[in-house]
Amino acid sequence: MKIKCVIIDDEPLAIKVLLNYFENFSEFEVIATFNNSLESLEFINSNTVDAVFLDINMPMMTGFELIKLLEYKTRIIITTAFREFAAESYDLEVLDYLVKPIPLPRFIKCIHKIEAEYNSKNNIKIENHRVEPHLFIKVDKKMVKINIDEILFVEGMKEYIKVVTAEKTYITHKSLTSLTDELPSDRFMRIHKSYTIALNKVKSIEGNRIQISSYTIPIGRNYSKEVKVKILE
């Protein structure tokens, strides 16, 4: 069963950005878009809607006013160019608050939050609906899903990074720091200015070198002490 979403925004470009993002998530379906919050009210109150992506500054009626008129509680995700409304939005129990322009990694985190909340509310048990921890990276103009458990290490190459798995290597235009921040810190560690590794994939350490599968990876001088403590603990 797909998670049904509605997008409400008076900016056509903002709607287009979200629609493009949603194309990468087959478990979600955008069932309607609106550029006027008043027009959306009847639709949401008359249909099953699992999540609403809602701008605040809207013609006819603000996003906050719309939330207060909804007849049943649905997941609200605020999308706005203004950070200062965050506190007020959480008083209305919104699920998430996205600041425009919305980066894809931040959108993906929101998607995961919706999935987790949806599965919990609908009593979808993990053993029957297990979602592997994963991330998406852009490769050759398409978003590719990579399971985190499959990553051996990530190598930085100036403006690009190389994500290495046992089966395949992916190259994408992204910084090593940015991708490292998306990985769980208890399972991955930066060991060199050019390398982040999966801790559970380490086969051996010799001097200032780590062996992962058939790859030998250097440990940076500034990382050496912390790396050895973390891996050998």
Side-chain angles (χ1 to χ4, degrees), residues 17-18 20-25 77 79-83 86 96-116 130-233:
V17 168
L18 290 180
N20 287 339
Y21 283 174
F22 271 115
E23 288 181 0
N24 299 291
F25 302 92
I77 298 89
T79 60
T80 179
F82 304 96
R83 298 179 182 274
D96 210 344
Y97 191 96
L98 306 180
V99 178
K100 301 175 183 176
I102 303 168
L104 180 58
R106 182 64 182 86
F107 178 81
I108 292 172
K109 287 184 178 180
C110 175
I111 288 294
H112 291 167
K113 187 181 294 188
I114 296 171
E115 284 181 312
R130 185 168 182 262
V131 179
E132 294 286 349
H134 59 271
L135 52 77
F136 283 85
I137 63 172
K138 191 170 186 179
V139 180
D140 296 330
K141 298 183 179 181
K142 64 181 179 181
M143 300 304 296
V144 177
K145 178 180 177 180
I146 303 177
N147 288 338
I148 287 176
D149 287 342
E150 296 176 0
I151 298 174
L152 301 179
F153 64 91
V154 184
E155 180 181 356
M157 304 181 299
K158 293 186 178 181
E159 296 180 355
Y160 292 84
I161 57 170
K162 183 162 61 175
V163 181
V164 180
T165 71
E167 301 294 328
K168 195 170 181 179
T169 295
Y170 305 87
I171 296 177
T172 185
H173 188 276
K174 197 178 184 76
S175 72
L176 180 60
T177 297
S178 175
L179 188 70
T180 300
D181 287 343
E182 294 181 42
L183 296 169
S185 59
D186 61 327
R187 297 168 58 186
F188 289 83
M189 186 175 188
R190 185 85 170 258
I191 68 163
H192 187 280
K193 66 179 182 180
S194 299
Y195 291 94
T196 291
I197 65 163
L199 295 170
N200 66 344
K201 299 295 195 299
V202 175
K203 290 172 60 177
S204 63
I205 301 177
E206 183 177 356
N208 284 325
R209 295 186 179 277
I210 282 178
Q211 190 74 25
I212 294 180
S213 185
S214 60
Y215 301 93
T216 301
I217 301 169
I219 301 173
R221 182 181 303 171
N222 295 333
Y223 299 83
S224 182
K225 184 176 179 181
E226 185 181 355
V227 169
K228 291 180 180 178
V229 168
K230 182 75 172 178
I231 295 176
L232 300 175
E233 65 182 4

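Within 6.0 Å of NZ on Lys100 lie more than 12 heavy atoms contributed by other residues, nucleotides or ligands. Heavy atoms of other residues, nucleotides or ligands lying less than 6.0 angstrom from CG of Asp140 number 12 at most. The 12-atom threshold is not exceeded at CZ of Arg209, counting heavy atoms of other residues, nucleotides or ligands nearer than 6.0 Å.
Every residue two or more places apart in sequence or in another chain that forms a side-chain hydrogen bond (donor to acceptor under 3.5 Å, both in side chains) with Thr177 is listed here: Arg190. Scored by the ring-ring contact (aromatic ring centres under 6.0 Å, His included) test, Tyr21 finds Phe107 as partners (sequence neighbours excluded). Pro184 pairs by the side-chain contact (heavy atoms from CB on, under 4.5 Å) definition with Ile148, Asp186, Arg187, Phe188, not counting sequence neighbours.
The minimum heavy-atom distance linking Pro105 with Lys174 is given by the pair CG-NZ, 3.8 Å. In this structure, Ile161 and Gly156 approach most closely via the heavy-atom pair CG2-CA, 4.1 Å.
Within the model, atoms CD1 of Ile151 and CG of Asn200 stand 11.0 Å from one another, a figure rounded to the nearest 0.5 Å. Distance OH/Tyr97 to OG1/Thr79: 9.5 Å, rounded to 0.5 Å. In this structure, Leu152 CG and Ser214 OG are separated by 8.5 Å, a value rounded to the nearest 0.5 Å. Rounded to the nearest 0.5 Å, atoms CD1 (Ile111) and CG (Asn24) are 10.0 Å apart. The distance from atom CG of Asp96 to atom SG of Cys110, rounded to the nearest 0.5 Å, is 4.5 Å. In this structure, Leu183 CG and Ile197 CD1 are separated by 12.0 Å, a value rounded to the nearest 0.5 Å.
Sequence neighbours left out, the pairs with a member in residues 215-226 that pass side-chain hydrogen bond (donor to acceptor under 3.5 Å, both in side chains) are Asn208-Ser224, Gln211-Thr216. Every pair tested for salt bridge (Lys or Arg N to Asp or Glu O under 4.0 Å) that includes a residue from residues 199-208 fails, sequence neighbours excluded, so the list is empty.
In this structure the side chain of His192 never reaches within 4.5 angstrom of the side chain of Ile217, judged on heavy atoms. Using a 4.5 Å heavy-atom cutoff, the side chains of Val154 and Thr180 are not in contact. Ile108 is not listed as a side-chain neighbour of Leu135, based on a closest heavy-atom distance of 4.5 Å or more.
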(message) Show, in sequence, the C-alpha distance, side-chain angles and deciding distance for Leu18 and Ile102, and conclude whether the side chain to side chain contact (heavy atoms under 4.5 Å, CB included) test is met.
(response) CA-CA 9 Å; Leu18 290 180; Ile102 303 168; 4.2 Å; yes
(message) Walk me through whether Lys138 and His173 qualify under side chain to side chain contact (heavy atoms under 4.5 Å, CB included).
(response) CA-CA 8 Å; Lys138 191 170 186 179; His173 188 276; over 6 Å; no
(request) Check step by step if side chain to side chain contact (heavy atoms under 4.5 Å, CB included) holds for Met157 and Ile171. (result) CA-CA 9 Å; Met157 304 181 299; Ile171 296 177; 4.2 Å; yes
Distance-only check: which donor-acceptor pairs under 3.5 Å involve side-chain atoms of residues 162-169, not counting sequence neighbours?
residue	atom	partner	partner atom	Å
Lys162	NZ	Glu155	OE1	3.4
Thr165	OG1	Glu167	N	3.3
Thr165	OG1	Lys168	N	2.9
Thr165	OG1	Lys168	O	2.7

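The side-chain contact (heavy atoms from CB on, under 4.5 Å) with Phe136 is formed by just one residue from the set Met143, Lys142, Glu182; it is Met143.
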